[in-house]
Colleague: 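Sharing a structure below in C-alpha cells format, with a few things to ask.
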Protein chains: 2
Amino acid sequence: MSISGDTLRGHTDTIILTQLLRADNYGYEINKKIQQRTHGQYGLKEATLYTAFKRLEQNGLIRSYWGQDGPGARRRYYSITQEGRRRWEENTREWAATRALLDALISIEEE
Amino acid sequence: MSISGDTLRGHTDTIILTQLLRADNYGYEINKKIQQRTHGQYGLKEATLYTAFKRLEQNGLIRSYWGQDGPGARRRYYSITQEGRRRWEENTREWAATRALLDALISIEEE
DNA sequence: ATGAAATACCTTGACAGGCGAGGTATTCTA
DNA sequence: TAGAATACCTCGCCTGTCAAGGTATTTCAT
C-alpha cells in the first residue's frame with residue numbers, strides 16, 4: 001500500500017462502484033477484492049471505506065441491506081443503483097480525460 | 001476547465017515542477033502555459049496556484065526571487081531546486097504506478 | 001479451555017489541499 | 001479615460017482521507 005491516498009483522492013467512489021457492477025457485496029469483502037486486484041499494493045482504510053459507503057448511499061448511487069443471519073458476523077450488503085451505473089460511466093470517462101491531461105502536463109516534451 | 005479539482009488533487013505540485021524543469025518562470029505565466037498545453041481544458045485557480053508556490057518553497061523544492069524592475073507589474077520568479085528535481089522524478093514515477101493501479105481498479109475485466 | 005487473530009461493522013476529530021471571494025497595484029487598449 | 005489584462009496575495013470554508021478508538025462474533029493454535 002505504498003500509494004499515497006491523496007493521489008487517488010476522489011476516485012474512491014468509482015473504485016467501489018466498479019466492484020458492485022458485477023454483483024452485490026459487503027464492505028469487508030469489497031476491500032479484499034481491491035487488495036487482490038492490486039496484488040496488495042492498495043487497499044482502502046476502513047474509515048475511508050465506510051465514509052464512502054455512506055456518501056454513496058446518500059447520493060443514491062448504492063443501496064444497502066443486511067445479509068441473511070447465518071453464522072458469522074453480520075454483513076451489510078450493497079447494490080449499485082441505476083443512477084450509480086450512470087455515474088460510474090461518467091466517472092470512468094472523466095478518468096480517461098484526466099489521465100490524458102496529466103500525462104500531457106507532466107511530460108517534458110515541447111508544448 | 002471541466003475537470004473537477006479533486007481528481008487532480010495532489011498533482012498540482014508536480015504540474016508546477018514540470019513547468020520549471022526547463023526554465024525559471026513566474027506564476028501567471030506558468031498558469032498560462034498550463035492552460036495552453038491543455039488547450040484551455042485545465043488551469044489552476046489563483047488561490048491554488050499561490051498556495052502551491054508557498055508550499056513548494058517551504059518544502060525546499062523551489063526558490064523564488066523578484067524579477068528585474070522593468071515596465072509592467074512586478075513578477076516573482078521561481079526556480080526548481082535539486083531537491084525539486086528529485087521530487088519531480090519520484091512523483092512522475094508514482095503517477096505511472098497510480099495510473100496503472102486505477103486502470104486496473106475501474107476496469108470491468110475479470111480479476 | 002482460552003486467548004489471540006480474523007472477520008465485520010462503525011464513529012469521531014484532526015488534517016490538508018482546492019478554491020470562492022475578496023483585496024492591491026500596474027499597464028495596456030479601445 | 002474607463003475597463004480589461006497583467007500580476008501578486010490572503011482568508012476561511014469545504015471535502016475526502018485516515019489514525020485512533022470502539023463493538024461483537026467466530027476461528028484457530030496452544
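In the text below, chain A, chain B and the rest are named by the order of the sequence lines, each starting its count at 1. The basis for the numbers below is simple: all heavy atoms, side chains too, and nothing from hydrogens, waters or symmetry mates. None of these values were measured; they are calculated from a predicted model.
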Colleague: Encode nucleotides 8-15 of chain C as B, S and - characters from 5' to 3', where the letter depends on protein heavy atoms closer than 4.0 Å: B to the base, S only to sugar-phosphate, - to neither.
Modeller: BBBB----

Colleague: Hey, are the side chains of L21(A) and I80(A) touching, using non-hydrogen atoms and a 4.5 Å cut-off?
Modeller: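 Of all side-chain heavy-atom pairs linking I80(A) with L21(A), at least one is under 4.5 Å.
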
Colleague: What is the separation between atom CG on N25(B) and atom C1' on dC8(D), rounded to the nearest whole Å?
Modeller: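 Interatomic distance, CG of N25(B) to C1' of dC8(D): 14 Å.
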
Colleague: Check if the side chain of R9(B) and the base of dG18(C) share a donor-acceptor pair of N or O atoms closer than 3.5 Å.
Modeller: no

Colleague: Who else is in W66(B)'s hydrophobic cluster (ILVMFWY, side-chain heavy atoms under 4.5 Å, direct or via others)?
Modeller: none

Colleague: Whole angstrom is fine here: how far is it from CG in D13(B) over to C1' in dG18(C)?
Modeller: 12 Å

Colleague: Quick one: salt bridge (Lys or Arg N to Asp or Glu O under 4.0 Å) partners of R85(B), sequence neighbours excluded?
Modeller: none

Colleague: Restricting to salt bridge (Lys or Arg N to Asp or Glu O under 4.0 Å), what partner residues turn up for R86(B), sequence neighbours left out?
Modeller: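 For R86(B), the residues satisfying salt bridge (Lys or Arg N to Asp or Glu O under 4.0 Å) (neighbours in sequence not counted) are E83(B).
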
Colleague: Listed in order of residue number, which residues of residues 57-65 of chain B have a non-hydrogen atom at under 4.0 Å from DNA chain C?
Modeller: none

Colleague: Which residues end up grouped with Y28(B) if you chain together Ile, Leu, Val, Met, Phe, Trp and Tyr wherever their side-chain heavy atoms are less than 4.5 Å apart?
Modeller: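 So far as hydrophobic clustering goes, Y28(B) is joined with Y26(B), Y65(B), Y77(B).
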
Colleague: What is the distance from CG of L56(B) to C1' of dC9(D), rounded to the nearest Å?
Modeller: 16 Å

Colleague: Separation of L8(B) atom CG from dG16(D) atom C1', in whole Å?
Modeller: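 Atom-to-atom, L8(B) to dG16(D), this comes out as 15 Å.
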
Colleague: Taking the side chain from S79(A) and the backbone from D24(A), do they hold a donor-acceptor pair closer than 3.5 Å?
Modeller: no

Colleague: Establish, with yes or no, whether the OP1 or OP2 oxygen of dC19(C) is under 4.0 angstrom from a side-chain nitrogen or oxygen of T48(B).
Modeller: yes

Colleague: Can you list the residues that meet the side chain to side chain donor-acceptor pair (under 3.5 Å) rule with D13(A), with sequence neighbours excluded?
Modeller: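 Side chain to side chain donor-acceptor pair (under 3.5 Å) check on D13(A) returns R55(A).
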
Colleague: Give the rounded distance in Å between these two atoms: CG of N31(B) and P of dT6(D).
Modeller: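 Value for this atom pair: 12 Å.
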
Colleague: List for me each residue that meets salt bridge (Lys or Arg N to Asp or Glu O under 4.0 Å) alongside R76(A), sequence neighbours excluded, and say none if there are none.
Modeller: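 Per chain and number, R76(A) pairs via salt bridge (Lys or Arg N to Asp or Glu O under 4.0 Å) with no residue.
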
Colleague: Taking only residues two or more places apart in sequence, or in another chain, which ones meet E29(A) in a salt bridge (Lys or Arg N to Asp or Glu O under 4.0 Å)?
Modeller: none

Colleague: With respect to the phosphate group of dG18(C), does any side-chain polar atom (N or O) of R55(B) fall under 4.0 Å of OP1 or OP2?
Modeller: yes

